[in-house]
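Quantities reported herein were computed from a predicted structural model and do not represent experimental measurements. Every heavy atom of this structure was used, including side-chain atoms; hydrogens, water molecules and symmetry mates were not.
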Amino acid sequence: MLIGIPKEIKESEHRVGMTPSGVQSLIENGHTVYVQNNAGNGSGYSDKDYLSVGANILKTIEEVYDISEMIIKVKEPLKKEYSLIKEGQIIYTFFHFASSLELTNAMIKSKSICIAYETVENSDKSLPLLTPMSEVAGRMAAQQGAKFLEKHQKGCGILLGGVPGVSPAKAVVIGGGVVGTQSAKMLAGLGADVTI
């Protein structure tokens, strides 16, 4: 199969659809992989890293979409990508269709085959592709909360873990799923008084 990895164009998205080790695995299994120039830079992977495992580097996003039977991305296609998607092309990414009727209609119109990471399930109904992202979100939520409590961020000047003579902050986490559990663990690790 001809597999393409375009550079993400969504603002502030620095991830890449596949690391060089993932690309190497695909190539070892007989696939041909095309990576857009500088697609991995935001994640710390150079074109040289992809070339060293056997990938082909293409200059433009248009070239990647045009040659590929399957596209591997991180985020949903943006409006300027809709016209690049071909009938029968497999698009493998986080889609979150429920949040965008425009995206949903565009993918239906394209007649592509859309595989949404967030809906891939194991036999036990767990979500192997969504769970790691939720873990990251929970951990980041605790860090961001701590940051915005700082005075120079116009916060209350509260230190999550307190200091001798000053009680730790009280933190409330709403929901005990993957995100909430990871947030609670991080907050507790920082010394906060946590309630889920």
Side-chain angles (χ1 to χ4, degrees), residues 5-23 25 35-36 38-50 72-81 92-104 115-196:
I5 302 166
K7 181 174 174 57
E8 296 294 327
I9 60 173
K10 189 168 190 169
E11 188 175 336
S12 297
E13 180 55 69
H14 304 289
R15 294 174 290 178
V16 63
M18 186 167 283
T19 64
S21 63
V23 168
S25 180
V35 179
Q36 185 181 344
N38 297 324
N41 284 3
S43 293
Y45 303 111
S46 69
D47 289 347
K48 185 178 177 183
D49 295 328
Y50 287 101
I72 298 177
K73 291 179 46 62
V74 177
K75 294 303 291 176
E76 72 281 353
L78 298 182
K79 191 172 189 171
K80 61 196 259 184
E81 291 174 275
Y92 194 48
T93 192
F94 283 108
F95 274 105
H96 304 291
F97 282 123
S99 65
S100 176
L101 181 59
E102 179 185 23
L103 172 65
T104 303
I115 302 173
Y117 292 154
E118 68 272 14
T119 63
V120 174
E121 293 183 353
N122 285 328
S123 59
D124 65 358
K125 302 294 183 190
S126 64
L127 303 167
L129 303 177
L130 187 58
T131 299
M133 294 298 103
S134 297
E135 290 171 345
V136 169
R139 292 175 187 196
M140 288 296 297
Q143 287 181 214
Q144 292 300 308
K147 178 174 76 178
F148 286 106
L149 285 172
E150 297 171 5
K151 278 284 190 191
H152 70 278
Q153 294 285 344
K154 299 192 180 358
C156 302
I158 296 173
L159 185 61
L160 284 175
V163 293
V166 178
S167 298
K170 293 186 182 297
V172 177
V173 177
I174 300 172
V178 175
V179 174
T181 299
Q182 293 301 316
S183 292
K185 285 180 179 181
M186 290 294 290
L187 291 163
L190 291 167
D193 178 6
V194 183
T195 302
I196 299 181

*Asks:* Run the side-chain donor-acceptor check on residues 167-193: report pairs under 3.5 Å with partners two or more places apart or on a different chain.
*Replies:*
from: Lys170; atom 1: NZ; to: Asp193; atom 2: OD2; distance (Å): 3.2
from: Thr181; atom 1: OG1; to: Gly176; atom 2: O; distance (Å): 3.0
from: Thr181; atom 1: OG1; to: Gly177; atom 2: O; distance (Å): 2.7
from: Gln182; atom 1: OE1; to: Arg139; atom 2: NE; distance (Å): 2.8
from: Gln182; atom 1: OE1; to: Arg139; atom 2: NH2; distance (Å): 3.0
from: Ser183; atom 1: OG; to: Gly138; atom 2: O; distance (Å): 2.8
from: Ser183; atom 1: OG; to: Val179; atom 2: O; distance (Å): 3.2

*Asks:* Could you report the tightest heavy-atom contact between Ser100 and Leu103, atom names first, then the distance?
*Replies:* OG-N, 3.0 Å
*Asks:* Mind listing the closest non-hydrogen atom pair of Tyr45 and Pro20 along with its distance?
*Replies:* CD2-CD, 3.3 Å
*Asks:* Of all heavy-atom pairs between Pro6 and Lys73, which one has the smallest distance, and what is that distance?
*Replies:* CG-CG, 3.7 Å
*Asks:* Can you name the nearest heavy-atom pair linking Ala39 to Asp47, along with the distance?
*Replies:* N-OD1, 4.4 Å
*Asks:* For residues 92-99, dump all side-chain donor-acceptor pairs below 3.5 Å to protein atoms at least two apart in sequence or in another chain.
*Replies:*
from: Thr93; atom 1: OG1; to: Val74; atom 2: O; distance (Å): 2.9
from: Thr93; atom 1: OG1; to: Lys75; atom 2: N; distance (Å): 3.3
from: Thr93; atom 1: OG1; to: Lys75; atom 2: O; distance (Å): 2.9
from: Ser99; atom 1: OG; to: His96; atom 2: O; distance (Å): 2.8

*Asks:* Enter the distance from Ile72:CD1 to Met18:CE here, rounded to the nearest 0.5 Å.
*Replies:* 3.5 Å
*Asks:* Side-chain contact test, heavy atoms from C-beta onward, threshold under 4.5 Å: evaluate it for Val16 versus Tyr50 and give yes or no.
*Replies:* yes
*Asks:* Okay, side chain of Gln144, backbone of Ala141: is any donor-acceptor separation there less than 3.5 Å?
*Replies:* no
*Asks:* Roughly how far, to the nearest 0.5 Å, is CG of Leu159 from CD of Glu150?
*Replies:* 9.0 Å
*Asks:* Taking atom CD of Glu8 and atom OG of Ser43, what is their separation to the nearest 0.5 Å?
*Replies:* 9.0 Å
*Asks:* Any side-chain heavy-atom pair from Arg15 and Met133 closer than 4.5 angstrom?
*Replies:* yes
*Asks:* Provide the closest heavy-atom pair for Asp124 versus Ser126 in the form atom of the first, atom of the second, distance.
*Replies:* OD1-OG, 2.6 Å
*Asks:* Using modelled atom types only, decide if a donor and an acceptor are shared between the side chain of Gln153 and the backbone of Lys147 within a distance under 3.5 Å.
*Replies:* no
*Asks:* Between Leu127 and Glu118, is any pair of side-chain heavy atoms under 4.5 Å apart?
*Replies:* no
*Asks:* Hey, what do you get for CD1 (Ile158) to NZ (Lys151), rounding to the nearest 0.5 Å?
*Replies:* 9.0 Å
